[in-house]
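Worksheet: the structure to be examined is printed underneath.
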Amino acid sequence: MQEQFGTVKKAAAFYNNQMLDFLNHVMTDFISQQDMMFISTADSGGNCDSSFRAGTPGFVRVINEKTLMYPEYKGNGVMASLGNIIENPHIGLMFIDFVENQIGLHVNGKASIVENDQLTLLEIPDEIISDMKEKEGSKAERWVVMEVEEAYIHCSKHIPKLKKLNKEIHWGTDNKERKGGDFFKAKQDKK
């Protein structure tokens with residue numbers, strides 16, 4: 001495509017100047033301030049899925065420059081993303097700061113699923129373990145650990161500036177109204 005549309009030189013400059021195969025200190029600080037991200041996975045047949053994850057700021061922990069991890073909280077039980085990771089470990093994370101800097105960060109790599117009782121098998125610094133226990137408690141049902149292969153900017157030119165408002169979050173609730181219920185009326189349209 002780059003050859004077809006004449007962007008080879010421009011793309012090469014991007015690869016050479018903006019793409020890393022690790023998380024630098026600025027990226028690590030950026031991730032530690034984020035309270036949401038978008039994830040993309042695909043099954044073994046290449047069928048894609050995108051999803052949203054959120055938590056308290058810093059819910060995604062950078063273990064070292066090549067490893068990060070995020071908690072999986074109680075959801076709808078479908079586990080599409082986790083099922084895809086089992087079949088195909090490739091994963092893409094997209095962090096977007098809509099509030100402060102209107103900038104994004106892509107992080108691509110390979111993921112694995114780690115149960116809570118397996119965390120001691122990983123080389124996680126004590127300060128991160130303490131932070132996880134303090135902030136997550138028992139909310140995290142399991143963790144996704146990612147080996148970073150690519151990290152690069154998502155430019156700010158089309159990212160809108162949004163205003164963050166306070167909203168009570170009901171982590172892990174089964175209350176249909178708080179979860180959004182059947183907002184799109186899909187149940188009534190099932191054939």
Side-chain angles (χ1 to χ4, degrees), residues 21-23 27-28 30-32 34-96 98 104-124 128-129 131-133 135-152 154 169-191:
D21 64 354
F22 64 95
L23 299 169
M27 293 171 177
T28 298
F30 180 80
I31 291 170
S32 74
Q34 303 311 303
D35 61 0
M36 66 176 185
M37 70 173 171
F38 301 92
I39 68 173
S40 59
T41 59
D43 66 17
S44 60
N47 300 298
C48 298
D49 184 67
S50 61
S51 194
F52 174 77
R53 296 293 185 270
T56 57
F59 78 107
V60 177
R61 272 81 175 182
V62 176
I63 306 307
N64 58 52
E65 68 179 12
K66 294 288 284 182
T67 311
L68 59 76
M69 62 190 290
Y70 65 87
E72 280 289 321
Y73 302 128
K74 183 178 181 180
N76 59 14
V78 174
M79 298 190 179
S81 300
L82 294 179
N84 285 347
I85 290 168
I86 293 294
E87 292 185 24
N88 175 357
H90 295 282
I91 187 170
L93 308 181
M94 169 71 93
F95 298 91
I96 300 179
F98 293 102
L105 175 64
H106 293 262
V107 183
N108 298 321
K110 290 192 178 97
S112 59
I113 301 165
V114 176
E115 298 298 329
N116 283 312
D117 62 357
Q118 298 172 316
L119 289 174
T120 56
L121 303 175
L122 303 175
E123 294 180 20
I124 303 173
I128 294 176
I129 291 287
D131 182 65
M132 288 166 53
K133 287 179 182 177
K135 292 181 179 170
E136 300 300 336
S138 61
K139 291 187 304 188
E141 292 191 329
R142 59 198 44 84
W143 296 81
V144 173
V145 177
M146 179 180 178
E147 176 189 339
V148 175
E149 295 176 341
E150 296 177 332
Y152 55 93
H154 187 93
I169 305 290
H170 302 278
W171 297 107
T173 186
D174 284 325
N175 179 294
K176 287 183 182 181
E177 289 179 21
R178 289 188 173 143
K179 287 173 41 175
D182 189 18
F183 182 88
F184 293 104
K185 308 297 182 215
K187 188 175 182 179
Q188 70 188 26
D189 289 333
K190 291 297 273 185
K191 296 178 183 184

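Throughout, residue positions are numbered sequentially from 1 according to the sequence presented. Predicted, not measured: the structure shown is a model, and the values here were computed from it.
- In this structure, Met132 CE and Ile128 CD1 are separated by 8.5 Å, a value rounded to the nearest 0.5 Å.
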Handout entry: Trace of the side chain to side chain contact (heavy atoms under 4.5 Å, CB included) decision for Arg53 with Ser81
Key = CA-CA 11 Å; Arg53 296 293 185 270; Ser81 300; 3.5 Å; yes
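- Counting heavy atoms from C-beta on, the side chains of Phe59 and Lys135 never come closer than 4.5 Å.
- Smallest separation of non-hydrogen atoms from Ile96 and Gln34: O-OE1, 3.7 Å.
- Note that CD1 of Ile91 and NZ of Lys110 are 12.5 Å apart. Values are rounded to the nearest 0.5 Å.
- With sequence neighbours left out, the side chain to side chain donor-acceptor pair (under 3.5 Å) criterion links Glu123 to no other residue.
- For the pair Leu119/Met69, a side-chain contact is recorded, criterion being any heavy-atom separation below 4.5 Å from C-beta on.
- Closest of all the heavy-atom pairs between Val145 and Leu122 is CG2-CD1, 3.9 Å.
- Rounding to the nearest 0.5 Å gives a distance of 8.5 Å between CZ of Phe38 and CE of Met94.
- If you take CD on Glu147 and CG on Asn64, they are separated by 10.0 Å, rounding to the nearest 0.5 Å.
- The two atoms that bring Val144 and Ala111 nearest to each other are CG1-CB, 3.8 Å, heavy atoms only.
- For residues 83-96, every residue pair satisfying the side chain to side chain donor-acceptor pair (under 3.5 Å) rule, not counting sequence neighbours, is listed here: Thr41-Asn84, Ser44-Glu87.
- Checked against ring pair (Phe, Tyr, Trp, His ring centres under 6.0 Å), Tyr152 has the following partners two or more places apart in sequence or in another chain: Phe14, His106.
- Among all heavy-atom pairs drawn from Ile39 and Tyr70, the shortest one is CD1-OH, 3.6 Å.
- At least one side-chain heavy atom of Glu136 sits less than 4.5 Å from a side-chain heavy atom of Tyr73.
- Taking 4.5 Å as the limit, every side-chain heavy atom of Ile124 sits out of range of all side-chain heavy atoms of Arg61.
- What you find for Arg142 and Ile113 is that their closest heavy atoms are CD-CG2, 3.8 Å.
- Annotation: the span from Phe95 atom CZ to Met36 atom CE amounts to 11.0 Å, rounded to 0.5 Å.
- Across every non-hydrogen atom of Asp35 and Pro57, the tightest pair is CB-N, 3.9 Å.
- A donor-acceptor contact shorter than 3.5 Å is absent between the side chain of Lys139 and the backbone of Lys74.
- By the 4.5 Å heavy-atom criterion applied to side chains, Leu68 and Met146 are counted as neighbours.
- You'll find the side chain of Val60 reaches within 4.5 Å of the side chain of Met37, heavy atoms only.
- Checking side-chain atoms of Lys66 against main-chain N and O of Val148 turns up a donor-acceptor pair under 3.5 Å.
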